[in-house]
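Let me begin by presenting the structure, written as C-alpha cells, before commenting on it.
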Amino acid sequence: MCGIIGCVAEEPVAGILLEGLKRVEYRGYDSAGMATISGSRLAVRKGAGRVSAIEEARGMSSMLGKVGMAHTRWATHGSVTDENAHPHASCGELVAVVHNGIVDNYISLKKGLLAKGHKFRSETDTEVIAHLIEDEYKRTRDPLRATLAGVKKLRGQYAVVVMFQDRPDVMTGARKDAPLIVGVGEGMMFLASDVLAFIGHTDRTIFLDNYEAVEITKDGVKIVGPDGKRVKREPDQVAWELSDATKSDYAHYTLKEINEQPRTVVSASVQDAGKVERFARAIRKAKSLYITASGTSYHAGLLMKFRLNKEARIRADVVVAGELKEHAEFLEKGSVLVALSQSGETADVMEGVREAKGRGVRVCSIVNAAGSSLARESDEVLLLNCGPEVGVAATKSFTAQVVVVNLVVDAVLGKTRPGGAEELSRAVAEALKCDGLVQELVSAYADRPDFYFVARGYESPLALEGALKLKELSYIHAEGMPASELKHGTLALIEKGTPVVVINPSGPNHAESLANAEELRARGADVIGVSDVKDEVYKHFVRVPKVQPKFTPVVEAIPLQLLAYRMSVARRNDPDYPRNLAKSVTVK
Ligand code: M6R
C-alpha cells in the first residue's frame with residue numbers, strides 16, 4: 001500500500017521522482033522520502049507527513065544525482081515517524097531500499113542480523129531488507145545477485161527497489177505479491193509500483209512476475225527468474241495518458257473522476273464481443289459460481305449476483321475477498337470464480353484468486369488496471385477502460401463495473417448487442433446536475449453524527465455503497481442496509497432529524513420502500529429520496545433520470561458519490577486522501 005518510484009537517467013532525477021511520487025501518493029500518505037547517489041555519496045531525505053510537506057521541509061527537489069528512488073508510506077510495522085519513513089539504508093550506508101509489502105519473518109531475520117553486528121535505526125520490517133542485501137552485496141559485489149539472494153530470505157510480500165552507493169549506474173528491484181513495473185524510457189529507466197509514476201516519460205512497461213528480480217541502467221533492463229536465469233520480455237504499451245493522471249481544473253481527483261462518468265460509462269461498454277462471450281460461456285458452464293471482491297467492487301459483485309439469480313436463474317455466491325479462504329473447500333475443479341477489482345492488486349482478492357486457481361477453479365476477472373496481478377493471473381479478463389482512478393474513493397470504477405457486469409450478464413442471457421451506452425451517458429450527465437441540491441443537503445446535515453441508507457432488491461448494494469462512500473470521505477458514521485431490515489433493529493436509532501437516504505426507483509419494490517420511508521418519517525427521520533419519482537414522504541428529493549432497470553445503480557451512485565465528496569469538503573477533510581486509507585490495499 002505504499003508508492004514507489006525509482007529512476008536511473010542521463011539527467012538529474014530529483015524532479016522526475018518528485019513529480020512521480022505525487023502521482024502515486026494515493027497509495028499511502030503517512031510519510032515520504034527520497035534517496036539519491038551523487039559522487040559516490042548516498043543521500044537520504046525523509047520524514048512523516050504528506051509529500052508536499054516533506055518536500056518543503058527537507059528540500060527533496062534539490063537532491064543531486066542521476067539515480068534515485070522515492071517512497072510514500074502507508075504504515076504497517078512501526079508508527080508514523082521520521083525514522084520509519086523510507087528509504088532505509090544499511091548500517092554501512094552501502095545499500096538503500098524502499099519497500100511495499102510486509103516481511104512476515106522480520107523478527108527472526110532482525111535477531112540474526114543484530115547478532116552479526118548490524119545496527120538498526122527504525123522499527124520497520126523493511127529495514128532488514130537493506131541489511132540482508134548489504135551482506136549479500138559485500139559477498140558478491142553483484143547488485144542483481146545480491147538482491148535476489150537477499151529477498152529469497154523474506155517471507156511475506158514485497159516490491160522492493162534497491163540502490164548501491166558505489167554503483168550509481170544501476171538500480172535493482174524484486175517482487176512477490178506486490179506490484180513492480182519497469183518503465184522503459186529513452187535514456188531513462190524506471191521501477192515503480194504504478195504506471196502513473198512515470199506515465200509522462202514513457203508508456204512502455206514491463207510487469208515483473210512474482211519471484212523475479214530486475215536490474216536497470218539508464219538504457220538497459222535485465223530480468224532474472226528466481227533461479228537467476230535471464231528472462232526475456234518485451235515491453236507492452238499502456239493506454240493511459242498523462243492527462244488521465246492530472247486533476248485538470250478540478251479541485252480534487254475525486255471530483256474530476258465523478259464528473260468523468262458520462263464518458264467512462266461509454267468507454268467501459270466498448271468491449272471485445274469475443275471476450276465477453278468467453279466470459280459468459282464460462283459462467284454458463286460453471287459447476288458452481290462464486291463472485292469475490294472487496295469494498296466498492298464487492299457491491300458491484302452483489303449487483304452481478306442479483307441479475308444472474310433473477311434473470312439468468314444461475315446461482316452465484318458472493319463472498320467478500322478476505323473471507324473467501326474460509327469457504328475454500330467449495331472451490332473445486334469445474335467451478336468459476338469471478339473477481340472484481342479496480343486496482344487488480346488488492347491482497348485479499350489476490351489471495352482468494354490464488355487459492356481458487358490452486359484448486360483448479362477458472363478465474364474470470366473484471367479489472368481496471370491492465371497488467372495488474374489480477375489481470376495477468378486470470379483465465380478471462382475484461383477491462384473497465386475508465387482510465388486511472390486516483391481518488392481513494394472508488395467512483396467511476398464502480399459505474400464502469402456495473403456497465404461491464406451488465407454486458408456479461410446480458411451475454412449470459414444471449415443478448416449479444418445490448419446497447420444503451422449513449423443513453424446511459426446522457427442520464428449520468430443529467431444526474432450530475434443534482435450537485436447544487438446535494439450541497440444544500442450537506443449544509444443541512446454536515447454536523448449530524450449518523451447517516452443511514454436503505455434500499456430494496458437490486459438497489460440494496462447501493463445502500464451499502466452510499467454508506468461506505470460517506471464513511472470513508474466524510475468520517476460520519478453511516479450504515480446501509482436493505483429497507484426490510486430497519487424494523488429488525490436499526491429503527492431504534494432513528495430520532496428526530498436523523499437523515500435517512502431511501503434509494504427507491506420506480507419498479508416492483510417502489511411501494512414497499514415508500515412504506516418504509518413512511519415508517520421512518522413517523523419516527524422523526526428526515527427522509528432523503530433518491531428516485532425518478534417524487535413523493536411527499538421525502539423531506540428532500542434528489543431526482544435521478546429514469547433508465548433501463550439494469551442501469552439504475554449507475555445513476556443512483558452519482559448523488560451518493562457527490563454527497564460523500566461535498567460532505568468531505570464541508571468538513572475540511574481531504575477527499576482524495578482520506579485518513580488511514582490507501583487506494584490500493586496490497587496488504588491483508
Ligand atoms: O482495487 P479494488 O477494487 O480491489 O479495491 C477494493 C476496495 O479497497 C475499494 O473499493 C475501497 O473500498 C474503496 N476505497 C471504496 O471507495
Side-chain angles (χ1 to χ4, degrees), residues 1 24 26-29 74 177-179 193-196 252-255 257-258 261 268 291-304 318-324 337-353 363 365-375 377-378 381-384 386-402 404-405 453 461-462 464-475 478 480 557-558 560-565 567-568 573-588:
M1 297 171 68
V24 294
Y26 71 102
R27 299 181 71 93
Y29 31 87
W74 187 88
D177 293 346
S193 49
D194 198 311
V195 171
L196 290 184
H252 298 102
Y253 284 108
T254 308
L255 186 60
E257 288 158 6
I258 291 171
Q261 291 175 102
I291 302 171
T292 199
S294 302
T296 289
S297 298
Y298 171 72
H299 301 152
L302 291 171
L303 293 170
M304 182 174 208
V318 193
V319 186
V320 165
E323 295 289 311
L324 192 63
L337 178 69
V338 175
L340 294 113
S341 173
Q342 186 285 129
S343 62
E345 299 293 351
T346 299
D348 290 334
V349 174
M350 290 315 301
E351 181 186 54
V353 162
V363 174
S365 65
I366 297 176
V367 57
N368 195 30
S372 59
S373 301
L374 181 59
E377 293 180 34
S378 299
V381 183
L382 292 172
L383 296 177
L384 295 179
C386 65
E389 188 175 69
V390 176
V392 167
T395 53
K396 63 177 179 174
S397 66
F398 174 70
T399 50
Q401 281 169 338
V402 179
V404 177
V405 158
F453 295 77
L462 264 283
L464 304 180
E465 177 60 7
L468 173 61
K469 218 92 299 176
L470 192 67
K471 277 187 279 198
E472 70 174 337
L473 294 190
S474 73
Y475 317 153
I558 304 295
L560 305 182
Q561 294 168 355
L562 284 170
L563 177 67
Y565 169 77
M567 201 63 100
S568 168
N573 303 338
D574 186 337
D576 286 343
Y577 302 101
R579 69 184 178 203
N580 304 336
L581 301 179
K583 179 74 180 164
S584 189
V585 186
T586 54
V587 294
K588 285 190 259 169

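It should be emphasised that the depicted structure is a prediction, and the values quoted were computed from it without experimental measurement. Start at 1 and go down the list; that is how both ligands and their atoms are numbered.
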Inset, instruction - May I ask you to list the atoms of ligand 1 that are less than 4.0 angstrom from any heavy atom of Gln342? - result: 1 (O), 2 (P), 3 (O), 4 (O)
Legend entry - Heteroatom proximity flag, Gln401 to ligand 1, N/O under 3.5 Å: no
Inset, instruction - Could you tell me the residue and atom name of the protein heavy atom closest to atom 10 (O) of ligand 1, and the distance to it rounded to 0.1 Å? - result: Thr296 N, 3.1 Å
Inset, instruction - Evaluate side chain to side chain contact (heavy atoms under 4.5 Å, CB included) for Thr395 paired with Tyr253, printing each intermediate quantity in order. - result: CA-CA 10 Å; Thr395 53; Tyr253 284 108; over 6 Å; no
Legend entry - Nearest non-hydrogen partners of Thr296 and Gln401, listed with the distance: O-OE1, 4.3 Å
Legend entry - Results of side chain to side chain contact (heavy atoms under 4.5 Å, CB included) for Ala564 - residues two or more places apart only: Lys469, Leu470, Leu473
Legend entry - Flag, side chain of Thr292 to backbone of Ala339, donor-acceptor distance under 3.5 Å: no
Legend entry - Distance-only N or O hit between ligand 1 and Val392, under 3.5 Å: yes
Inset, instruction - For Ala393, counting its heavy atoms only, list the atoms of ligand 1 lying under 4.0 Å from any of them. - result: 16 (O)
Legend entry - Atom indices of ligand 1, in the order listed, that fall short of 4.0 Å to a heavy atom of Ser297: 2 (P), 3 (O), 10 (O)
Legend entry - Contact atoms of ligand 1, heavy-atom distance to Ser343 under 4.0 Å: 1 (O), 2 (P), 4 (O)
Inset, instruction - Work out which heavy atom in Leu384 is nearest to a heavy atom in Ser397; give both atom names and the distance. - result: CD1-O, 3.8 Å
Legend entry - Beyond-backbone contact of Pro461 with Tyr298, side-chain heavy atoms, under 4.5 angstrom: no
Inset, instruction - For the pair Ser343 (side chain) and Glu345 (backbone), establish whether a donor and an acceptor sit closer than 3.5 Å, ignoring hydrogens and angles. - result: yes
Inset, instruction - Ignoring angles and geometry beyond distance, decide whether Ala394 reaches within less than 3.5 Å of ligand 1 through its nitrogen or oxygen atoms. - result: yes
Legend entry - Contact (N/O only, under 3.5 Å) between Lys583 and ligand 1: no
Inset, instruction - Quick one: do Tyr29 and Trp74 satisfy side chain to side chain contact (heavy atoms under 4.5 Å, CB included)? Show the steps, please. - result: CA-CA 6 Å; Tyr29 31 87; Trp74 187 88; 6.0 Å; no
Inset, instruction - Check ligand 1 against Glu472 and write out every atom of the ligand that is under 4.0 Å from a heavy-atom position of the residue. - result: 13 (C), 14 (N), 15 (C), 16 (O)
Inset, instruction - Could you list which atoms of ligand 1 come closer than 4.0 Å to a heavy atom of Lys469? - result: 15 (C), 16 (O)
